[in-house]
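Notes for the one structure printed next.
First listed ligand is number 1; within each ligand, the first listed atom is number 1. When a residue number appears, it is its place in the shown sequence, counting from 1. Fair warning: this is a prediction, and the values are worked out from it, not measured in the lab.
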Amino acid sequence: MTSASSPFDVAVIGGGIIGSAAAYFLLKEDPSLAVCVIEPDPTYEFASALRASGGCRVQFTRPENIEMSKFSIDFIKGFESTMATTGRPAPVDWVEGGYLFIVPPENAASLERNVRIQQSHGCVVNLLSPSELKAKFPSMNVDALGAGAHTPHDGWCDPNGLLWGFRRKAVELGATYIQARFESAEAGATNVKAIVLDSGQRIEATSFVNAAGAWSGEVAERFGMPLPVVPMRRFEHYFTAGSPIEPLPYVKDVARLAFRSEGKGFSGGLVDGSAQRGFNFDVDHDYFENVVWPAVAHRFPAFEAAKCHRTWSGLYEVNELDGNPVIGAWSSGLPNLYTVAGFSGHGMMHAPAAGRGIAELIVHGEYRSIDLARLGYERIEAATPYAEQGIL
Ligand SMILES: Cc1cc2nc3c(=O)[nH]c(=O)nc-3n(C[C@H](O)[C@H](O)[C@H](O)COP(=O)(O)OP(=O)(O)OC[C@H]3O[C@@H](n4cnc5c(N)ncnc54)[C@H](O)[C@@H]3O)c2cc1C
């Protein structure tokens, strides 16, 4: 905790990967800003970022998400040097292992449509028939598959390195991290004046940013702002195959099986989108055997003898309206309150672009690089979903 005192230009609530990226880009956009980040837990024990599997891909359908991925993946590839602080590199262990979406015949046409959209944004995406899939990934059982989409320049990185790289660099540029929890807001009719922390400290600022991830719905409520972002438990497993198998890209299917190579084994899971919402970190140690193993062993028989070595749980910050993030100001309520939350499981990979976007909006009053206006809060108020097509 530092002793810098308010007023600040910007107070960011939540110092996870999104809040730290926002702080960094705010100071890049305008080095003269006084920026503080309110983060209660410097160990990030429950933060989603440190429980993420690190995947980064361009396989989306909304132009905003594709463009955010393109910028973010490039940024992550150069992160180690770009984000080095004095005398200290910022490694993120980027692995260009590729992504592979696989779908049954009834989804092949929509996968092809999605591939064309990504290609129109300049992405390298190869549409593969079942026999081409078999030739490229010999261990795959391609029965009942219609097509696959392979993006060889996608990959994965170390979320811990990414979070701490942003945080350290933001601090080097002048950000103040305050170790406390946001508790309440002091707001007038048209703007937020200050926030109060559990330490009793009162923070005045010109702008406030809600970057509290799975906690952002709760945070918004304390400003009187309805935000449909809720926590949803998701399991991640580290497992080994049991039989020899070639290194695999990040494989995803329509049932939301998602896994990738990790060292000598594999990391991944099968997302249960209907999981009960709430702050629940309990681990179901039978989930791998009952749900993940049958799916993975069916698609890759080499996993028949798979062994799960570890299961952990983390929270997706689900935007219940459409599964896409909310990025922007609460223009009709408290216009100096900004939100960057609700990435619904894509927040690590989009942190660089989302951080830059919110920084542009706060500093310049408009987007200067990627136009993220359609991801604004206005669609929540109008109850108009802006969802992805196909695999989430
Ligand atoms: C198992 C799993 C796998 C995932 N895999 C991927 C992946 O492959 N690729 C990908 O892009 N994403 C993935 N994600 C999603 C990704 O982790 C999140 O989208 C991302 O971490 C969101 O970042 P954040 O900063 O918003 O949230 P967090 O990292 O959770 O940070 C939020 C911070 O807010 C703080 N906070 C909470 N309440 C308050 C308060 N009242 N006051 C101040 N601060 C507060 C918390 O302490 C926390 O540090 C995965 C998530 C899980 C759980």
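The distance criterion of under 3.5 Å between nitrogen or oxygen atoms is not met by Trp312 with respect to ligand 1. For a threshold of 3.5 Å applied to N or O pairs, the pair formed by Ala180 and ligand 1 contains no separation below that value. Considering backbone and side-chain atoms together, Ala211 places no N or O closer than 3.5 Å to any N or O of ligand 1. Taking any N or O of Gly347, backbone or side chain, at least one lies under 3.5 Å from an N or O belonging to ligand 1. Residue Ala52 has no nitrogen or oxygen atom sitting less than 3.5 Å from a nitrogen or oxygen atom of ligand 1, judged on distance alone. Looking at ligand 1, you won't find any N or O of Val340 less than 3.5 Å from one of its N or O atoms. Annotation: Ala47 places no N or O atom under 3.5 Å from an N or O atom of ligand 1; distance criterion only. For ligand 1, the polar-atom distance check against Ala49 finds a nitrogen or oxygen pair separated by under 3.5 Å. The N/O atoms of Gly345, backbone and side chain alike, include one that comes under 3.5 Å of an N/O atom in ligand 1. The N/O atoms of Glu317, backbone and side chain alike, include one that comes under 3.5 Å of an N/O atom in ligand 1.
Of the possible polar contacts, none joining the Glu204 side chain to the Lys193 backbone as a donor-acceptor pair under 3.5 Å is found. Put simply, the side chain of Glu388 never gets that close to the backbone of Gly323: no donor and acceptor are under 3.5 Å apart.
Residue Phe182 has at least one heavy-atom neighbour below 4.0 Å for each of these atoms of ligand 1: 40 (C), 41 (N), 42 (N), 43 (C). Atoms of ligand 1 found under 4.0 Å from any heavy atom of Ser53, numbered from 1 in the order shown, are 3 (C), 4 (C), 5 (N), 6 (C), 8 (O). Remark: ligand 1 atoms within the under-4.0 Å shell around heavy atoms of Gly54 are 7 (C), 8 (O).
Ring geometry for Phe266 against Phe303 counts as perpendicular: the plane angle is over 60°, on a 0 to 90° scale with 30° as the lower cut.
Ranking the protein heavy atoms by distance from atom 17 (O) of ligand 1 puts Ser48 O, 3.2 Å first.
Cation-pi check for Arg356 over Phe71 is met; the charged atom lies under 6.0 angstrom from the ring centroid and within 45 degrees of its normal.
At least one side-chain heavy atom of Leu26 sits less than 4.5 Å from a side-chain heavy atom of Ile362.
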